[in-house]
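Report on the following structure.
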Amino acid sequence: MAEIVQQRIENRIPELEQLERVGLFSKKEVKSMLKRATALEYKLHRLIITKVDFIAYIQYEINVLELIKKRRSRIGYQFKREEIEFSIISRINSIFRRATTKWKDDVQLWLSHIAFCKKWNTKVQLGKVFSSMLAIHPEKPALWIMAAKSELEDRNSSESARHLFLRALRFHPESKKVYQEYFRMELLHAEKLRKQQKELAQAEIDMGEYEFSPEIMSGKLAEVVYRDATGKIQGADFILSLLTIAAIFDFTKELQDTIIQDLQSKYTDDSLTWDFMAKRELEATVGEELQSAKGRASDIARREERCCQVYEEGLNSLNTEAMWACYVSFCLERFKRKTNVQQLKEKRQERLLAVLQRAHDSSLLKEDFYKNWLQVLLSSGDSEQTAAVAMAATQRYRQSVDVWCLALQTMVHLGSGATGKLFQDALTHVNPKLSLPLWQLQVEWSMTSQSPEETEALFQRGLLSVVPAVSMEIKEKYLDWSYRAGGYKKARKTFTSLHESRPFSKAFFTRMIQMEKDQVTPKMSNLRDFYERALREFGSTDDDLWLEYIREELGPSGHPENCGKIHWRAMKLLEGESVERFTAQYTLLQTGHI
């Protein structure tokens, strides 16, 4: 082992001598670097080596490279790169290879090597790293795509990128992402050729017998990829993703028309097709004669009507929840668009409400859209219709907590007299384990809208819940309400009545402690009682609670001599990492650092 380490260290001597000779590092710094490198090399030759050792070595060498770069810039010396930087880069690549050979499955390690090669522009090594990585991880499509993009962008080689994509498709013949990126690559290649031809034509350079292929420049290779992809992968969403890519390029009109024809002929039973065809009606340009705001608004209204006609046609042949969702989403998006033309705004609102009502009548309106519907109705001021829709939503989605909360918030906003009964209905239908938001909403409503007696009765019912989260929340709310409604005495009475009613949250005790502290003359005996009760519940896990107790005893009303006993009890009860945290914080407290 020592001989290998010594050989590697001796291989560094030429570069270190150059660093010292050209003035980038001093003699003392070179000696320090040699000592540090020796220690790092020995770590890599132990019987048990870890990945951390390799990463530390690599990071050290990269830091040296960065420092050399800064010092070159400072003194203006740009020579001897081959003897200095190239040697260090070669060594880092060697360490990366040793690491990836040992930990082949660590993709992040491979990616770190790739990032290093890209940053320091080692293109030959980059290709080798990608080849080795893909040989070990051919099952990951993202790595194939990354390698192909690197060939195209870093090495400007469309042929190599194409070759990698074809190899990727042998392993992943039905990968949407691979086909999408392959399709994009062919279009980028065609665009590059078109730019080259244009630049050569402008420069009037004679290319001799060489000719640019019109088929390739028009995107025919991309069309071949499209045909192959759609033959293996079905679905309107996939075709639309390819169409979106094609639309980025200005020479793909024929290809886009082909894709749209396939979409219309093969996928009329998919709501995405109808959604796309409807929204295409918005793409028509505004004529020159429509320069006024009113004229543009009128034209937009006509185009939106044409979109709706397409959606209606789609609903005639495909009356599904997904189809209605597309239609409602479109109407909602148009309604939210700002316009200064009141007539257009009213038309959009009228259309949205009508579509929502029809979707609801068909029992095909998604849960999410009821919130939008109620918001629109509330803004219109139609209280009766708003209440009806809120109730209808709860009838349709009886077990949905979100729908019940939405309906209840709406009824509270409207000041409905049936709100109390609606809360009871909600708790009856919803799974008790999910009912916490309903209890929180009911408590807030009761505290502001009901008498103290009714609110107290509600808290008593909540305390009986078998769901721990509900029971703990109710105790906290009950304590807070008691303090606001009846002051400290009522809060203390409530706390006393609940202190044996498990389960508890830590906040239940800390709030009572804070209430005591807020009194004009807080009693230390009461604070000790509250802390002791809290520690019975959380003393084995909560180190912060012990520290707070000790701080109280160190305060003006406490007895510092009790701190030793509290510390002893804490060390006896705390478990695991809590002991270490408590010890560290207690030491800082003793030395006055916290």
Side-chain angles (χ1 to χ4, degrees), residues 1-133 136 150 154 580 584 587 593:
M1 179 181 77
E3 292 82 358
I4 297 173
V5 172
Q6 190 62 32
Q7 181 62 46
R8 294 184 189 278
I9 296 301
E10 287 177 3
N11 291 339
R12 289 172 169 266
I13 292 175
E15 79 190 47
L16 293 173
E17 288 176 345
Q18 288 287 0
L19 285 169
E20 184 181 349
R21 189 178 66 80
V22 301
L24 290 171
F25 285 87
S26 66
K27 188 174 182 178
K28 184 178 179 181
E29 287 173 326
V30 168
K31 283 184 178 180
S32 175
M33 289 169 63
L34 199 59
K35 185 178 179 181
R36 176 68 173 150
T38 304
L40 290 167
E41 276 290 353
Y42 270 110
K43 283 187 178 181
L44 300 192
H45 290 84
R46 294 182 297 190
L47 289 176
I48 301 174
I49 55 176
T50 65
K51 198 187 305 179
V52 174
D53 295 331
F54 279 91
I55 293 170
Y57 197 176
I58 290 166
Q59 190 58 57
Y60 171 73
E61 294 288 4
I62 291 173
N63 291 342
V64 170
L65 272 177
E66 295 286 356
L67 184 57
I68 291 171
K69 183 179 178 181
K70 289 180 180 178
R71 292 195 176 180
R72 280 187 180 278
S73 176
R74 189 180 68 192
I75 67 175
Y77 183 82
Q78 304 299 331
F79 304 103
K80 299 291 183 181
R81 290 185 180 276
E82 188 171 343
E83 291 90 339
I84 300 173
E85 280 92 340
F86 289 4
S87 175
I88 299 173
I89 290 170
S90 176
R91 184 164 54 252
I92 293 173
N93 282 323
S94 175
I95 300 168
F96 264 122
R97 280 196 300 272
R98 290 159 65 189
T100 51
T101 300
K102 186 168 182 62
W103 293 282
K104 294 182 176 70
D105 295 333
D106 191 339
V107 176
Q108 190 56 50
L109 199 57
W110 288 100
L111 295 178
S112 297
H113 194 182
I114 289 167
F116 171 77
C117 292
K118 285 187 175 183
K119 181 173 182 180
W120 295 96
N121 201 27
T122 56
K123 293 182 179 179
V124 175
Q125 184 64 35
L126 180 61
K128 292 179 180 178
V129 175
F130 270 121
S131 296
S132 301
M133 180 178 66
I136 295 167
S150 176
D154 299 330
E580 296 177 11
T587 303
H593 287 86

[X] [atom1] to [Y] [atom2] distance, which is reported to the nearest 0.5 Å:
X	Y	atom1	atom2	value
Leu16	Leu24	CG	CG	12.0 Å
Tyr77	Ile84	OH	CD1	6.5 Å
Ile68	Ser73	CD1	OG	13.5 Å
Glu20	Gln18	CD	CD	11.0 Å
His45	Lys43	NE2	NZ	14.5 Å
Gln78	Ile75	CD	CD1	8.5 Å

Result of checking Glu61, Gln125, His113, Gln59 against Ile92 for side chain to side chain contact (heavy atoms under 4.5 Å, CB included) | Glu61
Where [X] and [Y] come nearest, the two heavy atoms and their spacing:
X	Y	answer
Ala37	Tyr57	O-OH, 4.2 Å
Tyr60	Leu40	CD2-CD1, 3.6 Å
Trp120	Ile89	CB-CD1, 4.0 Å
Trp103	Trp110	O-NE1, 4.4 Å
Leu109	Phe96	O-CE2, 4.1 Å

Is a side-chain N or O of [X] found less than 3.5 angstrom from the main chain of [Y], in a donor-acceptor match?
X	Y	answer
Thr100	Arg97	yes
Lys104	Thr101	yes
Thr38	Leu34	yes
Ser132	Lys128	yes

Could you give me the CA-CA distance, side-chain angles and deciding distance for Thr50 and Asp53, then say whether side-chain hydrogen bond (donor to acceptor under 3.5 Å, both in side chains) is met?
-> CA-CA 6 Å; Thr50 65; Asp53 295 331; 3.1 Å; yes
Apply side-chain contact (heavy atoms from CB on, under 4.5 Å) to the pair Glu15 and Met33, showing each step before the final yes or no.
-> CA-CA 12 Å; Glu15 79 190 47; Met33 289 169 63; 6.0 Å; no
Ring-face cation contact, Phe25 with Arg71, 6.0 Å cut, 45° max | yes
Stepwise salt bridge (Lys or Arg N to Asp or Glu O under 4.0 Å) test for Glu85 and Arg72 = CA-CA 11 Å; Glu85 280 92 340; Arg72 280 187 180 278; 2.6 Å; yes
Considering residues, nucleotides and ligands other than Arg36, do more than 12 of their heavy atoms fall under 6.0 Å from its CZ?
-> no
Decide side-chain contact (heavy atoms from CB on, under 4.5 Å) for Leu19 and Glu17; before the verdict, give the C-alpha distance in whole Å, the side-chain angles of both, and the deciding distance to 0.1 Å.
-> CA-CA 5 Å; Leu19 285 169; Glu17 288 176 345; over 6 Å; no
Criterion side-chain contact (heavy atoms from CB on, under 4.5 Å) on Arg91 and Asn11, from CA distance to verdict = CA-CA 10 Å; Arg91 184 164 54 252; Asn11 291 339; over 6 Å; no
Please assess Glu66 against Lys119 for the test salt bridge (Lys or Arg N to Asp or Glu O under 4.0 Å), listing each intermediate value before the final yes or no.
-> CA-CA 11 Å; Glu66 295 286 356; Lys119 181 173 182 180; 2.6 Å; yes
